[in-house]
Asks: 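Before I ask anything, here is the structure I am working with.
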There are 2 protein chains.
Amino acid sequence: MSSSASIKDVAAAAGVSVATVSRVLNSHPSVSPDARTRVLAAVESLGYRPNAVARSLRTDQTRTLGLVISDVLNPYFTELARSVEEEARALGYSVIIGNADERPDLQDHHVQNLLDRRIDGLLVSPTDGGSPLMLGAVRAGTPMVFVDRWIPGVDVPVVRSDGRAAIRDLVAHLHRLGHRRLAIIAGPAATTTGSERVDAFREALARYAIELPDAYIGQGDFQADSGRRVTEGFLDLPEPPDVVFAADNLMALGALDAVRARGLRVPHDIALAAFDDIPWFVHTDPPVTAIAQPTKDLGRAAVRALVDRIEGRVPESVTLPAHLVVRRSCGEPSGPRTSTERSTR
Amino acid sequence: MSSSASIKDVAAAAGVSVATVSRVLNSHPSVSPDARTRVLAAVESLGYRPNAVARSLRTDQTRTLGLVISDVLNPYFTELARSVEEEARALGYSVIIGNADERPDLQDHHVQNLLDRRIDGLLVSPTDGGSPLMLGAVRAGTPMVFVDRWIPGVDVPVVRSDGRAAIRDLVAHLHRLGHRRLAIIAGPAATTTGSERVDAFREALARYAIELPDAYIGQGDFQADSGRRVTEGFLDLPEPPDVVFAADNLMALGALDAVRARGLRVPHDIALAAFDDIPWFVHTDPPVTAIAQPTKDLGRAAVRALVDRIEGRVPESVTLPAHLVVRRSCGEPSGPRTSTERSTR
DNA sequence: CTGAAAGCGCTTACAG
DNA sequence: CTGAAAGCGCTTACAG
């Protein structure tokens, strides 16, 4: 219960002023070797650790980044969060994660909390089109970078991956396998990834003169339950689709649940593909064809952009390509169904 | 770039002293209705938000909890972290997560960082037997609670689940299916969950007069790669096991990778079971039999214990039971192999 | 009910 | 190279 030593205690023990202690702690050049030695000895023997709270108040920097993501339980965001933390640590920053759970109100709660704690910068993957709070923070000059999703019309660097080419590849793959009735489980239209993936899908279909009727666009929210619900709707259609493309991996999980609950089989009865690849997709029944993002690189790039901004350099937006990973959930890649265990990648 | 308003600005705008502003902000009873109204109006019009850093320095509390877990990428810990954050938020605390990645040095880094930031209390799932830093923090009186894993001989409340009964059920299930050569992929012996699960497994086997030879104990580290490596070793044995029980879900993933790489089939060639259940296990090929922990409840209980400790009440250790979820990865539950899609739970 | 003042633990011009 | 002093933005006895 020994309340920890303060800089005063160290100064007293070393026989110097607190200013000198502070200088050696911050490796300020003008300290005599003798003073330095005595201070270091005192620090050691007292087990002194500077109070980061006091330092932050004084210097007006917390060396902390805030990360507000849509859903920690989504393996994509978990990996993103991990990569963010690693890069931040390498650059001398800590990160506080806020989980918005796809709820704008929770997102605002976390943004406000992070701002109150005076984080040096904010990384956010917005759940919606931008609340007054978020827009206010941007206007107030809070260093910010959007990652994965962004808010159109707001002047903030964006680090994301472009899935258009991969979605074209996916549609080509599906078309080659003979699928013509293609449906999508979309994310919320208020998110960029929600609307972009639908747009890219529609454009890719157009190349084959295939329409994307409204009945084949299911409105999900990036969480498993919505994937389940939407898929049930598709299966109830007079003319169900041949393929369901889930705009994220959790909705794909929900789709699998729904298909299985009906006693149907993938890809025999209905094919499935997902945006965002995860390790488990190799082992699902069947292995799931997915579009993989360079998640680690995105996290790293986002932190670098934010730290550039914080430290007065010019941050850059970054767009990295995603790529298609073909497995067996849309049918056998070649000819009639065989038992080949093909693992592309 | 408007540097945010301070309490002084509010006081000036409201025509009162900063003390009065502070009082209304902290809902101190003795403030006149008139003063309160003027302060609130000033707060509103200036968009004032108290500086949490300054408040923390003054009150010596940050309303922040630290959570140091072994591996965020492990879905079990992700769910635990989420539950911890939810309960903490409900009680008015924020949480900073440190990811130790099963490395004692990283664990120490995070503990030190959290301590420097003066978190009010620490929740930890220790990666090892306890570093001098961790033991020192306990001795210094840092409010602490262990969750999932703990350090023997250290007087800190523990919130965890007891897998013994579930492991007995698992072994009974395996025995009933005719399996006699049972192997385990263990976690690090330095962790309690690492050693306990092996002990419980050995004890359960003893009830059937089955030995657990050293060759059937593979040393893993709770991460996927080790599960892969250990499983390869098992398969190379002159007499490979009938069943592999992975002590966590990531090592089970690695085991599946290894089995598939050999072109073998679960459960036909080798059966598989895992500690820690995850949603994907329903959809793997085959669905994986697993032991499920009440993860959400553990997170909640851990936060409550820690907050009890922080706020001067007496914290209690909590042990919750885990339970077996039978699926198809150990063979058909009844009679010869059928195609029944049984989903227990 | 209210304000002036001290103080939380630091850092940093300023003067020497 | 060093120390005294101011100040970061709050809270809280203390006195009135």
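Chain letters run A, B, ... following the sequence lines, proteins first and then strands; every chain starts at 1.
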Asks: Are any of the side-chain nitrogens in A:R149 or A:E102 under 4.0 Å away from the carboxylate oxygens of its partner?
Replies: yes

Asks: Using 0.5 Å steps for rounding, measure from the CD atom of B:E86 to the NZ atom of B:K296.
Replies: 5.0 Å

Asks: Taking the C1' atom of each, how far is C:dG16 from C:dT12, in whole Å?
Replies: 16 Å

Asks: Which ones in residues 29-44 of chain A lie close to DNA chain C, meaning a heavy atom under 4.0 Å from one of its atoms?
Replies: none

Asks: So with a 6.0 Å cut-off around CD of B:E316, is the heavy-atom count from everything else above 12?
Replies: no

Asks: Please assess B:R117 against A:S94 for the test side-chain hydrogen bond (donor to acceptor under 3.5 Å, both in side chains), listing each intermediate value before the final yes or no.
Replies: CA-CA 10 Å; B:R117 286 166 186 275; A:S94 296; 3.0 Å; yes

Asks: Going by the side-chain contact (heavy atoms from CB on, under 4.5 Å) test, name the single residue among B:N113, B:L133, B:T127, B:D128 that passes it with B:D108.
Replies: B:L133

Asks: Salt-bridge test for B:D116 and A:R49: reply yes if a basic N is under 4.0 Å from a carboxylate O, no otherwise.
Replies: yes

Asks: Once each nucleotide of nucleotides 5-12 of chain D is scored for protein heavy atoms under 4.0 Å, what B/S/- sequence comes out, 5' to 3'?
Replies: -BBBBBBB

Asks: Please state how far atom NE2 in A:H28 lies from atom C1' in D:dC1, giving the value in whole angstrom units.
Replies: 9 Å

Asks: Looking at B:R82 and A:D101, is there a salt bridge between them, counting it only when a charged N and a carboxylate O are closer than 4.0 Å?
Replies: yes

Asks: At their closest point, which heavy atom of B:V95 faces which heavy atom of B:L67, and how far apart are they?
Replies: CG2-CB, 4.2 Å

Asks: Please determine whether a side-chain nitrogen of the Lys or Arg among B:E87 and B:R304 lies less than 4.0 Å from a carboxylate oxygen of the Asp or Glu.
Replies: yes

Asks: Return one dot-bracket line describing DNA chain D 5' to 3' (Watson-Crick or G-U wobble pairs, both distances under 3.5 Å; ( ) same strand, [ ] crossing, | another strand, . none).
Replies: |||.||||||||.|||

Asks: Which distance, rounded to the nearest 0.5 Å, do you find between the CD1 of B:I97 and the CG of B:L123?
Replies: 10.5 Å

